[in-house]
Amino acid sequence: MTAPTPGPAPALAVHDLRIAFAREGADTRPGAVGDGGVTEVVHGVDFAVERGRVLALVGESGSGKSVTAMSVLGLLPGTARATGRIEIDGAEVLGAPEETLRALRGRAVGTVFQEPSSALNPVFTVGDQIVEAIWAHHPETTPAQRRQRVVELLEAVGVADPRRIARSYPHQASGGQLQRAVIAMAISNDPTLLIADEPTTALDVTVQAGILELLRDLTRRLDTAVLLITHDMGVVADVADEVAVMEQGSIVETAPTRQLFAAPRHAYTRSLLGAVPELGVRSRGPVPADEDAGTTTAAAELVDAVVTFRGSSGTTTAVDHVSLRIEPGEFVGLVGESGSGKSTIGRTLSGLVPLTSGRALLAGIDVGTARGSTLRRARSELGLVFQDPASSLNPRHTVGRSIADPLRLHTDLDQPARRARVLELLDAVRLAPALADRYPHELSGGQRQRVAIARALSCRPTLLIADEPTSALDVSVQQQILELLRRLQAELGFACLFISHDLAVVGELTTRVGVLRAGRLVEQGPTATVLGDPQDAYTRRLLAAVPVPDPERQAERRRRWRELAETS
Amino acid sequence: MTFARFVLSRLAGMVIVLLAIALISYLIFYLLPANPAQLSCGRPCTPDRLAQAEAFMGLDKPWWAQFLTFLGGFFVGRTFGVGGTAIHCDAPCFGYSFRLSESVTQLIAERAPVTFSIAIGAAVLWLLLGVSTGVASALRRGSLIDRSLTTLSVAGVSAPAYLVGLLGIFLFGFTLNMVPVGGYVPLTQSPVQWLWHLILPWIVLALLNAAIYTRLTRGEMLEVMGEDYIRTARAKGLREGRVVGRHALRNVLIPVATVFGLDLGSLLGGAILTEKVFAMQGLGSLLLDAVGNLDLQVLVGVTLFSAFLIILANVVVDISYGLLDPRVKAGG
């Protein structure tokens with residue numbers, strides 16, 4: 001099983017790694033191999049990373065990629081048992097005494113996690129936490145030396161104001177700054193190996209581009225080996241030298257990045273690549289609205305809408321003079337980064353957030369001024385689908401009840417009629433009728449999102465607002481949900497406001513798109529025009545920052561992104 | 001909002017709540033059918049003497065006038081009666097007990113050190129006990145230690161103070177003859193005796209109250225140990241002791257501090273059962289005696305004082321919250 005490695009030992013070598021969990025309750029993961037009270041989740045994986053190289057471990061949720069990474073650190077939960085070999089710089093890690101492992105962690109192995117805001121302790125300053133990482137392995141340094149080193153490290157990872165960030169608490173810094181600080185902490189003791197577990201998944205795309213650039217740069221500069229855990233093929237194409245594709249606990253294919261993208265050998269790799277929505281692929285959606293559109297009643301319309309929030313630090317303008325018209329049956333995308341106001345616009349149209357000025361119309365009803373039954377009628381014209389179906393469905397209601405709830409509120413259908421409609425809706429979203437009596441926790445993420453869509457469509461809405469409906473899902477599931485939305489929209493003819501940070505998804509699905517930045521609609525027009533020939537500098541930067549799953553093209557895009565970053 | 005403004009607004013709110021409590025407790029106690037003048041007029045009580053007593057106590061005036069006089073007492077003091085027999089009660093006047101011939105302020109000042117000694121000592125003890133057992137329980141989740149501690153805390157929560165107190169007295173006081181069975185010696189008189197007399201009540205109170213802290217700390221600890229930043233702390237190569245003691249405990253202590261402040265506040269107002277069991281003359285027994293003797297002035301005064309302590313504890317908790325947790329912006 002283990003191939004002889006010529007030359008010096010790689011920074012990290014993993015041979016026949018198996019990880020099993022003692023079963024707690026009923027773990028009925030599909031594909032799990034039962035073995036008397038233990039469930040094996042990683043079935044003998046082999047890979048190696050050389051210094052100065054980036055290996056991407058790619059897979060969907062539950063593939064075992066994060067567990068594999070944690071086992072390298074010796075940080076598996078107590079119920080887990082790992083066997084095989086894990087060597088760091090030729091030294092065996094598995095089964096090593098705790099004190100040896102502790103000396104490796106943070107010194108030979110630096111780690112960067114997915115969500116920087118929760119990876120840092122909220123009650124200590126960013127600087128103190130980096131100081132601690134240095135102190136843990138170099139207690140001989142003086143406090144002044146450590147503080148000096150923190151500033152140098154923060155500078156090295158491109159934090160603009162290192163002294164201020166060092167003094168800040170995590171909640172006072174932005175996600176991008178925090179992730180840079182976490183990276184600074186990870187490299188504070190010049191590690192041999194850097195483990196980056198979905199390091200940019202929680203970040204905006206323009207921030208992601210900067211972090212990925214930093215990771216590449218550090219790999220070269222510090223001659224560090226990087227084990228990059230990701231589900232994003234664009235990220236892989238951008239930074240990885242080699243790729244190992246993981247499916248249900250096994251590595252199905254390992255190849256140099258270019259080769260993998262050019263000629264994927266394994267069927268799973270091909271399906272993974274095929275599922276990735278690609279920027280620039282033109283949608284096959286319905287044609288844009290007719291010329292006489294302006295004369296009919298819009299499905300939804302914002303007229304010079306302004307929304308402000310009052311906070312402890314003064315008033316923030318979340319939506320800044322936005323005018324947007326969605327024609328009946330039109331598929332409109334709204335893109336922007338976190339804090340751009342895209343979700344606020346969705347909530348304004350639902351009448352959930354009051355307008356400071358301007359008007360919000362839903363099927364001709366002003367939801368800003370409507371009250372009582374008028375507002376309820378307006379809301380019956382609206383369906384909402386949220387990002388995380390696990391939290392937007394009531395865990396104590398059956399699927400059927402969740403779908404039937406809007407029918408009870410807005411129609412006078414009796415119980416059997418509601419039941420019939422629920423089954424009809426389940427069929428429309430391609431779910432088995434038997435699921436009506438199940439609870440959300442018995443369903444997969446994709447099934448739950450189908451239920452959420454069925455619920456949103458139960459009253460035949462004029463407008464469906466889908467707020468990041470696929471961001472919490474795996475790519476292969478995402479593709480199915482998007483396909484479902486497209487089909488339902490074509491069949492039922494509702495208008496859809498599709499809110500997303502993912503330009504590729506919006507490009508594939510919508511006919512018209514608006515680009516939001518800090519509450520302002522900086523650009524809107526037909527999707528092909530906006531994404532193909534963006535007029536606004538921000539739209540161009542946003543587009544340039546999206547990594548495409550094609551190493552050749554991504555290298556070129558990366559060059560252009562750098563040029564744009566320098567000019568702006 | 002700046003920190004100073006936040007503190008000021010909290011203090012202003014505290015004054016308003018205290019006024020409301022003063023009014024409500026005054027109304028409840030003074031509108032009771034019991035007539036304090038009747039009690040102090042003795043027997044036989046002629047209508048003449050009753051009227052005299054009422055005038056002396058100010059009970060002949062309408063209730064709102066009485067309430068205003070009562071409030072005024074806090075700031076300027078008050079005088080009962082006129083001429084040579086007049087009794088003066090200095091500001092801050094919480095009322096005057098005609099039964100004990102002493103101002104309520106004086107009574108509280110005499111009794112408070114007893115209660116404070118019991119409460120503060122016990123609170124420190126139960127905090128240490130509760131947090132340490134809670135942490136131990138969480139770190140060894142599901143183990144024998146965890147299960148025994150869980151069982152013990154259920155017992156602790158449900159056991160009544162008088163039972164545990166009497167058992168303690170019986171065992172350590174009478175049978176083993178290790179500690180005094182009751183009474184209080186002021187700290188200023190003999191620190192050693194003070195400590196010696198307080199040990200048993202402290203332990204009894206601590207055992208009963210620690211249970212809640214064990215459970216609270218255990219729950220918080222389990223949650224915090226699952227946080228991402230604990231994983232980060234371990235990935236840095238910190239020793240487990242430091243991960244728990246610094247990164248986890250600091251976050252666990254935030255909610256614990258809240259509950260602790262409130263518990264201590266209410267205990268400072270009088271540990272009635274404990275004082276009774278250990279024959280200590282604290283605020284609790286003062287209140288209990290006042291109830292037994294319908295000494296309304298004392299009742300209202302001590303009630304108000306206790307309310308003041310609880311509200312003060314609330315304000316202190318609110319303010320310290322902002323210091324413990326940097327995410328909580330004062331007034332935000």
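From a predicted model like this one, the values you see are computed outputs, not experimental measurements. Below, chain A is the first sequence line, B the second, and so on; all start at residue 1.
- Annotation: cation-pi geometry satisfied between B:Arg250 and A:Phe124 (NZ/CZ under 6.0 angstrom from ring centroid, within 45° of ring axis).
- The part of A:Leu75 that comes within reach of chain B is its side chain, from C-beta onward, which places non-hydrogen atoms under 4.5 angstrom from that chain.
- In this structure, no portion of B:Ile230 lies under 4.5 Å from any heavy atom of chain A.
- Below 30°, between 30° and 60°, or above 60°: for B:Trp194 and B:Trp202 the angle between ring planes is above 60°, a perpendicular geometry.
- For the atom pair CG (B:Leu19) and CD1 (B:Ile24), the distance works out to 11.0 Å, reported to the nearest 0.5 Å.
- Neither side chain, B:Thr217 nor B:Glu220, offers a donor N or O lying under 3.5 Å from an acceptor on the other.
- Residue A:Val112 does not touch chain B at all, counting heavy-atom pairs closer than 4.5 Å.
- Residue A:Glu98: no heavy atom, backbone or side chain, is found under 4.5 Å from chain B.
- Each of A:Gly106, A:Ala136, A:Ala133, A:Pro122 has some count of heavy-atom pairs under 4.5 Å with chain B, and the biggest count is that of A:Pro122.
- The candidate with the highest count of non-hydrogen atom pairs below 4.5 Å against chain A, out of B:Ile254, B:Thr232, B:Val224, B:Leu324, is B:Thr232.
- Each of B:Arg234, B:Glu227, B:Glu240, B:Arg231 has some count of heavy-atom pairs under 4.5 Å with chain A, and the biggest count is that of B:Arg231.
- For the pair A:Ile86 and A:Leu12, the tightest heavy-atom approach, listed with the atom from each and the gap, is CG2-CD1, 3.9 Å.
- Scanning residues 63-74 of chain A against chain B with a 4.5 Å non-hydrogen threshold yields A:Met70, A:Leu73, sorted by number.
- With a threshold of 4.5 angstrom between heavy atoms, B:Arg242 approaches chain A through side-chain atoms but not through N, CA, C or O.
- Side chains of A:Asp128 and A:Thr125: a donor-acceptor N/O pair is present below 3.5 angstrom, by distance only.
- Chain B forms the most heavy-atom pairs under 4.5 Å with one residue out of A:Glu132, A:Arg107, A:Met185, A:His137, and that residue is A:Glu132.
- No hydrogens or angles considered: nothing links the side chains of B:Asp263 and B:Asn209 as a donor-acceptor pair under 3.5 Å.
- Using a 3.5 Å distance cut-off with no hydrogens or angles, the side chains of B:Thr214 and B:Thr133 do pair a donor with an acceptor.
- When heavy atoms are compared at a cutoff of 4.5 Å, A:Thr111 approaches chain B solely by way of its side chain, counted from C-beta outward.
- A donor-acceptor contact closer than 3.5 angstrom is absent between the side chains of A:Arg310 and A:Thr315.
- Residue A:Gln172: no heavy atom, backbone or side chain, is found under 4.5 Å from chain B.
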